[in-house]
Amino acid sequence: MSGWDDLYRIPMLPSWVPGAAAGIFSLHLLQKLLFPYFWDDLRYLLKVLMYGLRVEMYRLQGKIVTVLDKFVKLAEKQPHKPFLIYEGKVHTYQDVDRRSNRVAQVFLRHGALKKGDTVALLMGNEPDFIHVWFGLAKLGCVVAFLNFNVRSRSLLHCVSSCEPKILVVGADLLGTLEEILPNLQKDVSVWIMSKDSSFPSVHTLLDKIESASEDPVPVNHRSANNLKSSVLYIFTSGTTGLPKAAVISHIQVLKGAAGLWAFGATAEDIIYITLPLYHSAASLLGIGGCVELGATCVLKKKFSASQFWSDCKKYNVTVIQYIGELCRYLCSQPLLFFPFDLIKYDFQKDEPIRNKHGWCEKVKKGEAGLLISKVNAKNPFFGYAGNKRHTENKLLCEVFKKGDLYFNTGDLMVQDHENFLYFWDRIGDTFRWKGENVATTEVSDVIVMLDFIQEANVYGVSVPDHEGKAGMASLILKQSTSLDLEQMYKQVVTYLPSYACPLFLRVQEKMEMTGTFKQQKFRLVDEGFNPSTVTDPLYFLDSSKKAYVLLTKEVHEMILSGKMKL
C-alpha cells in the first residue's frame, strides 16, 4: 500500500499561496470597483512621462526640436504623403513645405521682417492659412491668430494689443479689413491674399507667392534658443471685456501637438478638422497633432452638420475633433499634466468664497466649482500680451496656504463620483454660445451706440437641448423714443460676430442694479425668454427673416420644439 501512496501523492502548495492568490483577487476586484480606469490611466501617464523626458533630454543636450522642425523633416522623409485635404484637393507634405518656403521668401524680401517680429493673421480655414503660418514661423516670427468673427472696435483692439509689424488678411475678409483700415495704426503694413488691391497702401501677397522661390530660408531664422520663448498669440475673450492675446510658447505648442499621439492616434490616421484654425484646438492639437504623428488632415472651411458624416465616409476619416470647455482650456494653457482644484464660488459677488481664515474651500463631488490650476516652475503661466493688469487678474494668491499661486480659468466645472469633469458655465460677464466666449460688455457697447438705447444689460439664457447659453439683452429706451427693430438688427450683425448677436431682446422700463451698483443679471437669467411669464415685451432674432420679430407664445413653442433654428 505504501507504494500506491507514493504513486498518487499530490504535492502540497505552500500555505501562503492561497492567501496571496485571494489577496491578489481581492485587490483586482477592489481596483475594478474603485478605480475602473486605473490601467488605462497608467498607460496614458507613462506615455506622457516618456514624451516629457524626451523633450527634457533634447533641452539638456541643447537640441531644441520644434513642431516646425518636425514638419520640415517629415517633408523630406515622406514628401508625397498627403498632409492636407481641402475641398477635395490633396496638398502633400512637400507641397505645403515648398509653398510655405515661398511665403517666407516673399516676406524676407519685401516685408523687412526679422526674427521675433509679430505678424497678425486674419484668415479663414484654408490651406494658405497654414502656408502663411509656417512660412512666417520659418522666419522666426511670432504669429497672432485673429478671430475672423471679430469686427470693428474689437478687432482693432486685438491688432493693437499684439503690436504686429504686418497684418495678413484673407481674400474673403476684405470687407472686415475695409471697416478697420481707416483707424488702423499707420505703422502696421497690410497684406492681402490677392493678386490685386483696390485699397491704397495695401500690398498683395498671392501674386508674389506664385513668383517666389521654393528654396528654404536659412535654418538659423527659425532656430529656437529657449522652449519658453513666444511663438504664437491666440486670442481669448477671457472672463470680462475685450479679447486678450494669450502668449503661446514653443513648449506649449509641443505639448498641444502631443495630444493626439497621447490618446492613441497614429501616422495612419486621417484627422477631420472643422474647427476654426484661430482656435488652439484646431491649430495646436489638430494641425500640430498631425505633424507630431506624420498623419493626414482633412480641413473644412467651416463646420457643416449636414456634410459631416458624408465627409468622414468620403475621406476615410478615422479621428474627429470635439471641442469641449476643458479641452479648450487644456490646449490653450501651458499644462499637459493638469493639477487642478474646484473651489467654491460666490455667484452674487462674482468672486471665490473664502472662509473665516481667508482660505478658499474645495467643493464636494457633484457640486459646481471654479476650476483653478496651480502655477509653478513646471506649470507656468505666460500671461497676456500688451497688458500686465490682465495677467494679474487671472491669478489667485494664497488660495489654500500662504504664498501659493493659482491660475483662474474662468470655467465653472462639476466633477462626478468617477472623477470625470464636466463644463457647467463661465463666470463674470461672459457666457458661451456656439463654442465661443461672448463678452457681455462688448455686446452692450455695440447696442448702446444706437441713439434710441439708454442702457443695455446683456446675459446668457439656457435653451433646452442646446449647449451653452444664448445671448439676451435687456434694453432701456431713451425718453420719447421707440425700439427700431430694423436698425437694431443691422447694428448687431454689422458690428458683432454671429455667435455674439443677442437672440432675444427684452424691453424694460428701468434697469435693476445690485447693491454694488452693477447690473442685476441673475433674476433676468432665471426668468429667461418665456412670454407666458415675462410681462415685458420680448423679441427674437429670426435668422430666416433676417430680422427681430415679436416673441409670441407660438414662436416660443417653436423654439423649444426645435422647429425654429437658432
- Quick one: does Lys81's side chain get under 4.5 Å of Tyr93's, heavy atoms only? yes
- Task: Report the residues that fulfil side chain to side chain contact (heavy atoms under 4.5 Å, CB included) with Arg222, sequence neighbours left out, ordered by chain and then residue number.
- Result: Leu68, Asp69, Val72, Val219
- Task: Mark yes or no for whether Lys115, through its side chain, and Asn220, through its backbone, hold a donor-acceptor pair below 3.5 Å.
- Result: yes
- Query: What is the minimum heavy-atom distance between Trp433 and Gly468, and which atoms define it?
  - Reply: CE3-C, 4.2 Å
- Can you measure from CG (Leu284) to CD1 (Ile248) and round to the nearest 0.5 angstrom? 6.0 Å
- Task: Could you list the residues that satisfy side-chain hydrogen bond (donor to acceptor under 3.5 Å, both in side chains) with Ser154, not counting sequence neighbours?
- Result: Glu442
- Query: What heavy-atom pair brings His203 and Ser189 nearest, and what distance separates the two atoms?
  - Reply: CD2-OG, 3.3 Å
- Message: Do Met123 and Asp172 have side chains that approach each other closer than 4.5 Å (heavy atoms only, starting at C-beta)?
- Response: no
- Answer with yes or no whether the side chains of Thr66 and Lys70 bring together a donor and an acceptor at under 3.5 Å. no
- Where do Phe199 and Val190 land on the side-chain contact (heavy atoms from CB on, under 4.5 Å) test, with the steps shown first? CA-CA 10 Å; Phe199 302 108; Val190 180; over 6 Å; no
- Message: I need the full list of salt bridge (charged side-chain N to carboxylate O under 4.0 Å, His left out) pairs touching residues 264-277, with sequence neighbours left out, sorted by first then second residue.
- Response: none
- Rounded distance (nearest 0.5 Å) linking atom SG of Cys297 with atom CD of Gln321: 8.0 Å
- Smallest heavy-atom separation, Leu254 atom then Val65 atom, equals CD2-O, 3.6 Å
- Message: For the CG atom of Leu370 and the CG atom of Asp411, what is their distance to the nearest 0.5 Å?
- Response: 8.5 Å
- Query: Within the side chain of Ser373, is there an N or O that forms a donor-acceptor pair under 3.5 Å with the backbone of Phe407?
  - Reply: no
- Message: Please find the pair of heavy atoms, one from Ala456 and one from Ile447, that lie closest to each other, and give the distance.
- Response: CB-CG2, 3.9 Å
- Task: Ignoring hydrogens and angles, tell me if any N or O in the side chain of Tyr315 forms a donor-acceptor pair with the backbone of Gly88 under 3.5 Å.
- Result: yes
- Identify the two heavy atoms, one from Val90 and one from Pro82, that lie closest to each other, and give their separation to 0.1 Å. CG1-CB, 3.6 Å
- Query: Taking everything shown except Lys73 itself, do over 12 heavy atoms lie less than 6.0 Å from its NZ?
  - Reply: no
- Query: How long is the gap from CD1 on Ile85 to CD1 on Ile273, to the nearest 0.5 Å?
  - Reply: 11.5 Å
- Pairing residues for Lys114 by the salt bridge (charged side-chain N to carboxylate O under 4.0 Å, His left out) criterion, not counting sequence neighbours: Asp117
- Task: Could you tell me whether the side chain of Lys434 reaches within less than 4.5 Å of the side chain of Glu467, counting heavy atoms only?
- Result: no
- Would you please test Val168 and Leu205 for side-chain contact (heavy atoms from CB on, under 4.5 Å) and show each step? CA-CA 9 Å; Val168 181; Leu205 182 56; 4.0 Å; yes
- Task: Please list all pairs passing the ring pair (Phe, Tyr, Trp, His ring centres under 6.0 Å) test where one or both residues lie in residues 96-119, with sequence neighbours left out.
- Result: Phe107-Trp191
- Task: Apply side chain to side chain contact (heavy atoms under 4.5 Å, CB included) to Phe303 and list each qualifying residue two or more places apart in sequence or on a separate chain.
- Result: Thr274, Ala305, Phe308
- Item | Qualifying residues under salt bridge (charged side-chain N to carboxylate O under 4.0 Å, His left out), relative to Asp207, sequence neighbours excluded | none
- Message: Going by side-chain hydrogen bond (donor to acceptor under 3.5 Å, both in side chains), name the residues that satisfy it together with Lys300, two or more places apart in sequence or in a different chain.
- Response: Gln307, Asp311
- Query: Hey, is the main chain of Gly294 close enough, under 3.5 Å, to the side chain of Gln78 for a donor-acceptor pair?
  - Reply: yes
Distance-only criterion, 3.5 Å: show the donor-acceptor pairs between side-chain atoms of residues 129-143 and protein atoms not counting sequence neighbours.
| from | atom 1 | to | atom 2 | distance (Å) |
| --- | --- | --- | --- | --- |
| His131 | ND1 | Arg99 | NE | 3.4 |
| His131 | ND1 | Pro127 | O | 3.3 |
| His131 | ND1 | Asp128 | OD1 | 2.7 |
| Lys138 | NZ | Asp97 | O | 3.1 |
| Lys138 | NZ | Asp97 | OD1 | 2.6 |
| Lys138 | NZ | Ser100 | OG | 2.8 |
| Lys138 | NZ | Asn101 | OD1 | 2.7 |

- Message: I'd like to know if the side chain of Thr92 reaches the main chain of Asp95, judged simply by a donor and an acceptor atom lying under 3.5 Å from each other, with no hydrogens or angles considered.
- Response: yes
- Item | Contacts of Cys158 that satisfy side chain to side chain contact (heavy atoms under 4.5 Å, CB included) - sequence neighbours left out | Leu146, Phe235, Pro243
- Is there a donor-acceptor pair under 3.5 Å between the side chain of Thr118 and the backbone N or O of Glu163? no
- Side-chain donor/acceptor of Gln94 to backbone N/O of Glu76, under 3.5 Å: no
- Provide the closest heavy-atom pair for Val493 versus Lys490 in the form atom of the first, atom of the second, distance. CG2-O, 3.5 Å
- Message: With side-chain contact (heavy atoms from CB on, under 4.5 Å) as the criterion, how do Arg102 and Ile209 come out once you've worked through the C-alpha distance, each side chain's angles and the decisive distance to 0.1 Å?
- Response: CA-CA 6 Å; Arg102 289 174 179 265; Ile209 290 175; 4.0 Å; yes
- Output all residues satisfying side chain to side chain contact (heavy atoms under 4.5 Å, CB included) with Leu173, sequence neighbours left out; order by chain, then residue number. Leu122, Phe148, Val169, Thr176
- Query: Looking at Ile271, Leu275, Asn125, which hits side chain to side chain contact (heavy atoms under 4.5 Å, CB included) with Leu299?
  - Reply: Asn125
For residues 177-188, which side-chain N or O atoms pair as donor and acceptor with protein atoms under 3.5 Å away, sequence neighbours left out?
| from | atom 1 | to | atom 2 | distance (Å) |
| --- | --- | --- | --- | --- |
| Glu179 | OE1 | Arg151 | NE | 3.2 |
| Glu179 | OE2 | Arg151 | NE | 3.4 |
| Glu179 | OE2 | Arg151 | NH2 | 2.5 |

